[in-house]
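Heavy atoms only: backbone and side chains are in, while hydrogens, waters and symmetry mates are out. Naming convention: chains lettered A, B, ... in sequence-line order (proteins, then strands); numbering from 1 in each chain. All figures in this text were calculated on a predicted structure; none of them were measured in a lab.
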Amino acid sequence: ASLKNALDEIATAWAGDTGKPPPKISYAASSALARQIEQGAPADIFLSADLDWMDYVAARNLIQPETRVNLLGNKIVLIGPRDSKATVNLKAGVDLAKVLTNALRGGRLAMANVDAVPAGKYGKAALEKLGAWNGVKDSVAQAENVRAALLLVARGEAPLGIVYSTDAATEPNVRVVATFPEDSHLPIVYPVARIHDSRSADAKPFLDHLRSAKARTVFEKQGFSVLLRSAAST
Amino acid sequence: MSFGVDIDHVREHFRLTARFSSAPGLTALFGRSGSGKSTLVDIIGGLIRPTRGRVAVDGQVLVDTDRGIFVPKHRRRIGYVFQDSRLFPHLSVRNNLLYGRWFAQNGGGASGDLAAIVELLGIGALLDRRPDSLSGGEKQRVAIGRALLAHPRLLLMDEPLASLDEARRAEILPYIERLRDEAGVPIVYVSHSVAEVARLATTVVVLSEGKVTAVGPVLDILPLADATDGGGVLDATVARHDEPFHLTVLASAAGELQVPQLAATVGTHVRAYIRARDVMISLRPPEEISALNVLPGRIVAIVASPNGAQADVRLDCNGATLMARLTAKSVQRLALAPGRPVFAVIKSVSFERS
Amino acid sequence: MSFGVDIDHVREHFRLTARFSSAPGLTALFGRSGSGKSTLVDIIGGLIRPTRGRVAVDGQVLVDTDRGIFVPKHRRRIGYVFQDSRLFPHLSVRNNLLYGRWFAQNGGGASGDLAAIVELLGIGALLDRRPDSLSGGEKQRVAIGRALLAHPRLLLMDEPLASLDEARRAEILPYIERLRDEAGVPIVYVSHSVAEVARLATTVVVLSEGKVTAVGPVLDILPLADATDGGGVLDATVARHDEPFHLTVLASAAGELQVPQLAATVGTHVRAYIRARDVMISLRPPEEISALNVLPGRIVAIVASPNGAQADVRLDCNGATLMARLTAKSVQRLALAPGRPVFAVIKSVSFERS
Amino acid sequence: MTEEEWAAVRLSLLVATTATAASLPLGIAVAWLLARGRFWGKSLVDTLVHLPLIMPPVVTGYLLLLTFGRRTPIGAFLADELGIVLSFRWTGAALACAVMGFPLLVRAVRLSIEAVDSRLESAAGTLGANPLWVFATVTLPLSLPGVIAGAILCFAKAMGEFGATITFVSNIPGETQTLPSMIYTLTQVPGGDAGALRLTLISIAISMLALLGSELLARRIGPRRVAT
Amino acid sequence: MTEEEWAAVRLSLLVATTATAASLPLGIAVAWLLARGRFWGKSLVDTLVHLPLIMPPVVTGYLLLLTFGRRTPIGAFLADELGIVLSFRWTGAALACAVMGFPLLVRAVRLSIEAVDSRLESAAGTLGANPLWVFATVTLPLSLPGVIAGAILCFAKAMGEFGATITFVSNIPGETQTLPSMIYTLTQVPGGDAGALRLTLISIAISMLALLGSELLARRIGPRRVAT
Ligand SMILES: Nc1ncnc2c1ncn2[C@@H]1O[C@H](COP(=O)(O)OP(=O)(O)OP(=O)(O)O)[C@@H](O)[C@H]1O
Ligand SMILES: Nc1ncnc2c1ncn2[C@@H]1O[C@H](COP(=O)(O)OP(=O)(O)OP(=O)(O)O)[C@@H](O)[C@H]1O
Ligand SMILES: [Mg+2]
Ligand SMILES: [Mg+2]
């Protein structure tokens, strides 16, 4: 769902340019969408927020493997409320756990669900890589999704949180405290693929359009990085 | 039209054992509060399944636990006037009255139609009202109407007139008589009023603490039924009408009786209930007294009340039984004793059919 | 203890206008079904707020719409026996009985305690039962007990004895009399039974279609109250007891009366209700007849019934009024006319206090 | 409002109304069974009815997907034999809402049925009405307050339900994107709060109208219910 | 079961019980107001009560956060003056569940209060009971079926609620991770289905026990309710 603004804009523009009906986009959790595809949802394209659920459908032969590409990339950042004075340097080597714990001052570190939601999973991986996870894991408040984590920080409930940079950029009530180094977690990618049973003749053109320069501007405007390089399934 | 009951019903605090059969007509259940009258009516109506036993009306077996027969209440074609009126609160009075009609197989039947019943019960102004805006007696009357309009083949009435005024009762009673006599609908009737029972009943069943203590024709039973007001019942026929004085002369075994005028035609069989307390005894025919009825008879028995204050004198007037309740003082003063010939003196106005 | 009502109450289908005051004691409301009796009792009890008017009991203003006074029902210290029994279904009989006690300011009061009331009403075996397992009459008795045990300063009884048998009534009536006389609790009493009203009432209020058509002391009003059974009431004192015969001799203006023995001590003031239909008229003192009471008097008026069949003869027996209902035939046969001296003949057993 | 929002409003109304109307008959029947029935396994039925309340909506939606998906026997039967396609259609959304509202509906109706004075039912029986007629002419009319309350609860729930809906039939604009799905989606989008708030207010307004209507209806039939 | 699952079960029980118990008094009061009150703005109160049903749970959770968050005046007051901290505590989860269950509770109680025969209430009044006593000794006992039904609905809802809870107080193992939160998380993880199923069954079993208990309770008081 974090893609909604960008995708809506791209879809509308595409429909305007081609004169075709705008594609219907169903925004839901990747898990729900994957299961629906499994149950024969009449979908043509699946854009997943993480690799796991794309792998899930791929493993069940529900997509056309040759159409799969990693479309977008994103970054995760450490945020605090707008008036936060916290300074954290996200680097391996320092005792990050201690720094974070100090910065939290007994509060919670808001993250999206660290087992289920991509942003949470990346955040957890990054903290592990930086050697801080075990020190802070008991302070983590796992929200249902990344927006909820953002909200917790924006409302001042939690002094720190980990969210996508795309989310942080649009919320005036938070301040980016630090950005996680790219190498502290697996690349944050949004894979896209055509569904195996796709019938619509418009699916292919739209899929192509998502990779066009025009779409690229829109995605980048929303803070995503566009990974044009097509990738084979991992 | 006869009626047979032989049941046992066991409840936590109460056991009802009833075994009797009754003649066609109206069967009155008589007994003190809590003696099991309503329970028995509920069993006959199919609202309660007796623990054991058999109920048959008019040759049709309604319940037979041995043979596993239990006719459900909606197939019994009954009209039940409950002790509590049980009107449908969501329906207007009119629809309450017509409720049974939806299910009655014959459109017009024994009980006449809506207009007649409404007229009889004086509920014309209430037809579009809801039951919860009715007075106690109005509810009761609507409940009676509802049961009558179901065209029942068996009418169950549990203290139907309890909360009605005398005048209203006097209007409804003749209608019940007509149902009993003309339409031949068997009726089970619960009442605490001896006068009502005497007037209506063919058979009287006396209940006491769940047991039948007496059963039989009203003429035999009634003097026993209620110790506070025994009485006798005379079977009679209309001999002639004394139009100028608005009197009717009845011929009975005991002799002629002058009673307030009846609507019945000459030759009709009627029944006169004579309360024991309304009967005086005279040793010779009284003169210059207002009482019009003087019946010769002979004393059969004198039963003193438990405390000896009063005595019920049983008279044989040419085969008919009359009861007179006197003070012990009168019995002594007149030296009354079994076998002695006396005269029963009864005012015309003391007849219930007034 | 006096009682003043002056109210107007307007309902969709009904308008009640009542204005009367009544003497200390028991005020009986009398009238046909739907005449507004229960509505009036509800207004006195505070269940209905009248459209306009004033109610005062015992000097205390309960309602005065002009002055904006409305004492809520829970502050009126009343005991109300409803026409429908309204027992609390979730409480045992015992807790129903004791409900009012929680709120009564004085622990023991006018109405005696639980044991006595339970004994009086014969509900001892029911104490641990739930109301929904009681018979109609049992419910009624519990409802009476509940009201009495609230130690009311004003007792409202709406047809309290309607579904009780005669024997039970005979047990409860003396208790109500004691409340009226000894405890001095003002009572408002609705009943269709002339006998009950005659026996209990101090003041009778006759309602008809929402209007008060007559109001006054029971002695004046009762002959008018119910055309089907007029009667007279004699004020008397206990003169002596005739122990051997279980009789009590009453001294009244009209002469001595022999009635079934009373529990009252000599000198007590009592009231004898004599139904018109129980009075015979004789031109000379009858002899050798069982009736013990023969009162000399003079005919004051003869009122024929509408159809001319009967006549109510009003007698002046030394200042006391007696009514005798005779057939027109008897009136003619005896050539009765106002002014004529006659004898009223009355059986002892016909007295209601039996 | 945008065209898309309008579509969601219309769809939500359609879904909520359908869900309520469709579950009423079954709900009343089940409520009656639970209120008056004496049968083995009653507690099981009772639990089953409550399940959608007890389970997280996602699980309910998932189970619906597993039961009524077009690849399942039931889904295939419905689609092929009766022409009723549920998956990814508004009909499926209605089914999800109906299921989620069902426990609320049943409880309310059951409560009212249990409060009906059985003496009135036997009175109807003595007048010749068989049990079905008694139910239709006495029990049901006297339970109307519960039916109304149940219907309004079901409707309100349907107006707010999205967890099971989005899991079962996804979130397709114009087809399965109901108001709550749309609101949810908006809360997940940077800057979507204002839109979410507006749609929430619309949803509240609709439900408030429905509530008002139900109150009026209940008031009209209200005073008739006390047994006399 | 793992230690974490046990913790979730215990927590869910605690949260559901607290939510139910805590919302009962207020729920009964509000139900009484709605059933018997005649006041301006009644429809507004009615709508307000229904809101948690009408709004997507996420919105409810969001509003809870806006109202009871620790930076809000109410949240600060509760924390500083009364020592009640809601955010990221099980108490907050209980609050969220109570709010979500509230409409169900109120409706059931209200339905039962409306069914109480007002003639019994006036009878109690004549016997000297003031309105409060009448309510406590007559209205409330006679509404017990509704109170029980409402409580069980509220409990069941609390056992299944996670949308508002997770939004309001997040998902902290041992503190705010209730069963449904845990189940939800499992459904979001590929391969988590078996675990989700197991936990769902546990949740159902608990609710079934609660249901059975309520049925027994209701049966005990059941037959006493008909006015006579
Ligand atoms: N709740 C009500 N709403 C509207 N009208 C009513 C209501 N209760 C009674 N009435 C009407 O008011 C009139 C008087 O009723 P009330 O109950 O006072 O009569 P009553 O004298 O007690 O009669 P009964 O002897 O039959 O009990 C009747 O016509 C009745 O239909
Ligand atoms: N539902 C019930 N459950 C248990 N016992 C009951 C029930 N109904 C009545 N009883 C008891 O059964 C006995 C007979 O009751 P029933 O109603 O038949 O009496 P009744 O003769 O009609 O009395 P009444 O003249 O007072 O109406 C009473 O002792 C009563 O307490
Ligand atoms: Mg009875
Ligand atoms: Mg009345």
Side-chain angles (χ1 to χ4, degrees), chain B residues 12-13 32-34 38 83-84 125 129 133 135-138 141 159 162-168 170 192 194 226-229 242 245-247 258 260-261 277-278 280-284 286 288-292 307-310 324-330 332 334 345 347-350 354, chain C residues 12-13 31-34 38 83-84 125 129 133 135-138 141 159 162-168 170 192 194 226 228-229 242 245-247 258 260-261 277-278 280-284 286 288-292 307-310 324-330 332 334 345 347-350 354:
Chain B
E12 209 183 332
H13 311 280
R32 296 196 59 172
S33 168
S38 300
Q83 195 169 6
D84 46 343
R129 307 248 305 259
S133 78
S135 82
E138 286 166 350
R141 284 181 273 157
E159 300 188 33
S163 57
L164 296 183
D165 51 286
E166 285 296 335
R168 187 64 68 190
H192 289 300
V194 183
D226 181 13
T228 68
D229 191 356
D242 183 353
F245 288 122
H246 300 274
L247 293 175
Q258 303 190 49
Q261 188 161 34
R277 33 169 291 174
D278 286 337
M280 275 176 300
I281 284 182
S282 180
L283 296 184
R284 50 181 166 125
E288 298 202 318
I289 200 164
S290 58
L292 292 178
N307 66 357
Q310 303 180 353
R325 175 162 304 167
L326 308 181
T327 56
K329 185 169 183 179
S330 298
Q332 201 194 59
L334 300 181
V345 180
K347 294 190 66 177
S348 294
V349 292
S350 63
S354 57
Chain C
E12 209 183 334
H13 311 279
R32 296 196 60 172
S33 168
S38 301
Q83 196 169 7
D84 45 343
R129 306 248 307 260
S133 79
S135 81
E138 287 165 349
R141 284 181 273 156
E159 300 189 32
S163 58
L164 296 182
D165 51 286
E166 286 294 335
R168 187 62 69 188
H192 290 301
V194 183
D226 181 12
T228 67
D229 191 355
D242 185 353
F245 288 122
H246 300 275
L247 292 176
Q258 301 190 50
Q261 188 162 33
R277 32 169 290 172
D278 285 338
M280 275 177 300
I281 284 183
S282 179
L283 296 185
R284 51 182 168 125
E288 298 201 320
I289 199 164
S290 59
L292 291 178
N307 67 358
Q310 302 180 354
R325 177 163 302 168
L326 309 181
T327 56
K329 186 169 182 179
S330 297
Q332 201 194 57
L334 301 181
V345 181
K347 295 189 66 177
S348 293
V349 293
S350 63
S354 58

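- When heavy atoms are compared at a cutoff of 4.5 Å, B:L334 approaches chain C solely by way of its side chain, counted from C-beta outward.
- Of the two parts of C:S38, neither the backbone nor the side chain holds a non-hydrogen atom closer than 4.5 Å to a non-hydrogen atom of chain B.
- Both the backbone and the side chain of C:S33 come within less than 4.5 Å of a heavy atom in chain B.
- Nearest heavy atom pair, residue B:R141 against residue B:L164, reads CG-CD2, 3.8 Å.
- Counting all heavy atoms, side chain and backbone alike, B:S163 lies closest to B:G136 at OG-O, 4.0 Å.
- Using a 4.5 Å cut-off between heavy atoms, B:Q83 contacts chain C through its side chain alone, with no backbone atom that close.
- Proximity of a side-chain donor or acceptor of C:S290 to a complementary backbone N or O of B:M280 within less than 3.5 Å is not detected.
- Top candidate by heavy-atom pairs under 4.5 Å with chain B, chosen from C:P286, C:A125, C:G137, is C:G137.
- Contacts of B:I281 with chain C are made by both backbone and side-chain atoms, with heavy-atom separations under 4.5 Å.
- Contact count against chain C (heavy-atom pairs under 4.5 Å) is highest for B:S282 among B:S135, B:S282, B:A291, B:A324.
- Between C:L247 and B:K329, the closest side-chain pair of non-hydrogen atoms falls below 4.5 Å.
- Judged purely by atom type and a 3.5 angstrom limit, B:D165 has no side-chain atom pairing as donor or acceptor with the backbone of C:H192.
- Your options are B:E159, B:E138, B:R129, B:R168, and the one with the most heavy-atom pairs under 4.5 Å with chain C is B:R129.
- Heavy atoms of B:Q332 lying under 4.5 Å from chain C belong exclusively to its side chain.
- Rounded to the nearest 0.5 Å, atoms CG (C:L326) and CD (C:Q310) are 9.0 Å apart.
- A donor-acceptor pair under 3.5 Å links the side-chain atoms of C:K347 to the main chain of B:R325, judged by distance alone.
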